[in-house]
Amino acid sequence: MTEFRYLKDVVTLTCDQDKCIGCGMCAVVCPHAVFTIAGKKAQMVRRNLCMECGACMKNCPAGAITVEAGEGCVRGIINELLGIEGPCC
Amino acid sequence: MNSPLTALPMAQPVPEGAGSFCLPSLNQDFVCGHLETPVGKIPKVESILERRDRLGHFRVRWNIGRDTFTVEPGLYALSCPNTDSPVLVTANYKLTFDLLRQALDGFSCWILVLDTKGVNVWCAAGKGTFGTEELVDRIQASRLHEVVKHRRLIVPQLGATGVAAHSVKQYSGFSVHYGPVMLEDLPAYFRNGNKAEPGMRLKQFPLKERFVLIPVEIMQALQQGLPVILFFLLSAGFFGNSSFFNMLIVHGLPPSLAVLSGIIGGTIFTPLLLPWIPGKAFSMKGALCGLLLFLLVLLPLYGADTHYSSLEKSSWLFICLAVSSWFGMAFTGASTFTSLNGVRKEMLIGLPLQFAALTVGTVMWLTALWLST
């Protein structure tokens, strides 16, 4: 199976090692296996594959993960650039 | 009132009637009976899809009536579930609901349909309609506590974008278990003791999935592209020095073909050839597909009997590349691996270039038309 890779070094994903409790929920919900749990802490081993869906942040009970989540939708971004409140797709 | 609902910190005001008892109607054409439960008659559905279901799927794949292809939210019984049967959570897009019940052939379970306004699980989760609040409300509205003895929900993994498992537990008492990404993996997931293999947690984007998206992409592109084509045809017809139809065909047809080639490049070639087209940015991939289409469709016109000026011939290339790059870029919205900030970055570069190319191409073509009169 082809593994797709999008642009490098663009995503806003961060993971605070001090707050992380190593529960592993981020590794469960991530559809691109960005996280693995090593030494009872979540590690962003494939950060460039992150698609900023925000599932990890939403399901992190410790609030250790931040990401500017959103749909990468052209119309939504045009609305944003024009400063219009509008639907995405 | 001291329900869990009042304790939930809402981003928005609670919708009217949220959480008050409500079962889906039995009068929906895919409902094939009902199940008596302590809370009332729960509509029953089967795994077999009817001809009318499949016709509906074909319709929405072509972007016809997609917004209204819904099932009523609430609790459904698939086959003959009992108080121990699993509860699966899904969206009220009928295509999603149908594919879910079809995938569960031979299983009995409860299906809790959230009101996602007819949008699929992943997109609705991104918008927040497939989310913690709606899930907690829907559990309450369906009196799920009285229908099943256990307190477990199987939520699609891609729904995690909108659902916070720990909050659902806190406000409803139900624990969320994330099922596989793809519903086709559900039987294997159940056989495996409700465990998803690592591969079931990955969202891939195989050829088959990219292929089924093409009709919707084409229909949406035509909505934008047809007015542009009309502009070229009519401008050529009205402003030429020869007869309306002669001018329309000789000078109006090539830029129209350029727009069409751009649409085909961006909405058919880009999705199909996605992994093999060089580059990472979709606008780049789209432009390369546009170039290929240009070589196939428009270059042959260079040797036509009609002698086009080099200005006019060049205008077609600009138009074709601008259009295909734009629709290639638009495919990021349907893809499964592009990020918000990635798309934003490529748009900041791509959008001005596409706009410039379309403007330059159009001005060149109008100038050539004016010079030829």
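Here is the naming used below: chain letters follow the sequence lines, and residue numbers restart at 1 for every chain. Computed over heavy atoms, backbone and side chain alike; hydrogens, waters and symmetry mates excluded.
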Peer 1: Does some side-chain heavy atom of Lys127(B) sit less than 4.5 Å from a side-chain heavy atom of Glu71(A)?
Peer 2: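 Touching, per the 4.5 Å side-chain cut-off.
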Peer 1: Between Glu52(A) and Arg344(B), is there a salt bridge with N-O shorter than 4.0 Å?
Peer 2: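 Here Arg344(B) does not pair with Glu52(A) in a salt bridge, since their nearest N and O are not under 4.0 Å apart.
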Peer 1: Name the region of Val176(B), side chain, backbone, both or neither, that has any atom closer than 4.5 Å to a heavy atom of chain A.
Peer 2: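 Neither part; nothing is under 4.5 Å.
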Peer 1: How long is the straight-line distance from CD1 of Ile77(A) back to NZ of Lys345(B), given to the nearest 0.5 Å?
Peer 2: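 Going from NZ on Lys345(B) over to CD1 on Ile77(A), the span is 13.5 Å.
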Peer 1: Examine whether an atom of Cys56(A) lies under 4.5 Å from a heavy atom of chain B, and if so say whether it belongs to the side chain, the backbone or both; otherwise answer neither.
Peer 2: neither
Peer 1: Start with the C-alpha gap between Thr338(B) and Met51(A), add the side-chain angles, then the distance that decides, and say whether side chain to side chain contact (heavy atoms under 4.5 Å, CB included) holds.
Peer 2: CA-CA 5 Å; Thr338(B) 54; Met51(A) 60 175 294; 5.9 Å; no
Peer 1: Below 4.5 Å from any heavy atom of chain B, which atoms of Cys50(A) appear? Answer side chain, backbone, both or neither.
Peer 2: backbone
Peer 1: Evaluate the side chain to side chain contact (heavy atoms under 4.5 Å, CB included) criterion for residues Asn341(B) and Thr12(A): first the C-alpha distance (whole Å), next the side-chain angles of each, then the deciding distance (0.1 Å), finally the verdict.
Peer 2: CA-CA 8 Å; Asn341(B) 279 288; Thr12(A) 51; 3.3 Å; yes
Peer 1: Any sub-3.5 Å donor-acceptor pair from Gln157(B)'s side-chain atoms to Val28(A)'s backbone N or O?
Peer 2: yes
Peer 1: Checking Phe337(B) against chain A: side chain, backbone, both or neither under 4.5 Å from a heavy atom?
Peer 2: both
Peer 1: Do Leu7(A) and Glu346(B) have side-chain heavy atoms sitting under 4.5 Å apart?
Peer 2: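 Yes, close enough: below the 4.5 Å cut-off.
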Peer 1: For Gln204(B), does its backbone N or O pair with a side-chain atom of His32(A) as donor and acceptor, under 3.5 Å?
Peer 2: no
Peer 1: Quick one: which of Cys30(A), Ala69(A), Gly54(A), Ala27(A) has the most heavy-atom pairs under 4.5 Å with chain B, could you say?
Peer 2: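 Going by pairs under 4.5 Å, I would pick Cys30(A).
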Peer 1: With a 4.5 Å cut-off on side-chain heavy atoms, are Thr332(B) and Tyr6(A) touching?
Peer 2: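 In contact.
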Peer 1: Please tell me if the side chains of Leu202(B) and Pro31(A) come closer than 4.5 Å, counting only heavy atoms from C-beta onward.
Peer 2: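 No, too far: nothing below the 4.5 Å cut-off.
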Peer 1: Taking Asn59(A) for the side chain and His166(B) for the main chain, is one N or O donor matched with an acceptor at less than 3.5 Å?
Peer 2: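 No, the answer is negative, given that no donor and acceptor are paired below the 3.5 Å cut-off.
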Peer 1: Quick check on Leu348(B) against chain A: is it the side chain, the backbone, both or neither that has a heavy atom closer than 4.5 Å?
Peer 2: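 For Leu348(B), the side chain is the part near chain A, not the backbone.
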Peer 1: Would a 4.5 Å heavy-atom cut-off, applied to side chains only, mark Trp326(B) and Val74(A) as touching?
Peer 2: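 Side chain of Trp326(B) against side chain of Val74(A), heavy atoms only: contact under 4.5 Å found.
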Peer 1: Between Ile78(A) and chain B, with a heavy-atom cut-off of 4.5 Å, which part of the residue counts as in contact: side chain, backbone, both or neither?
Peer 2: both
Peer 1: If you round to the nearest 0.5 Å, how far is NZ of Lys203(B) from CZ of Phe4(A)?
Peer 2: 10.0 Å
Peer 1: Between Met57(A) and chain B, which part of the residue has a heavy atom less than 4.5 Å away: side chain, backbone, both or neither?
Peer 2: neither
Peer 1: What's the verdict on side chain to side chain contact (heavy atoms under 4.5 Å, CB included) for Val343(B) and Cys73(A), showing C-alpha distance, side-chain angles and the deciding distance?
Peer 2: CA-CA 7 Å; Val343(B) 177; Cys73(A) 156; over 6 Å; no
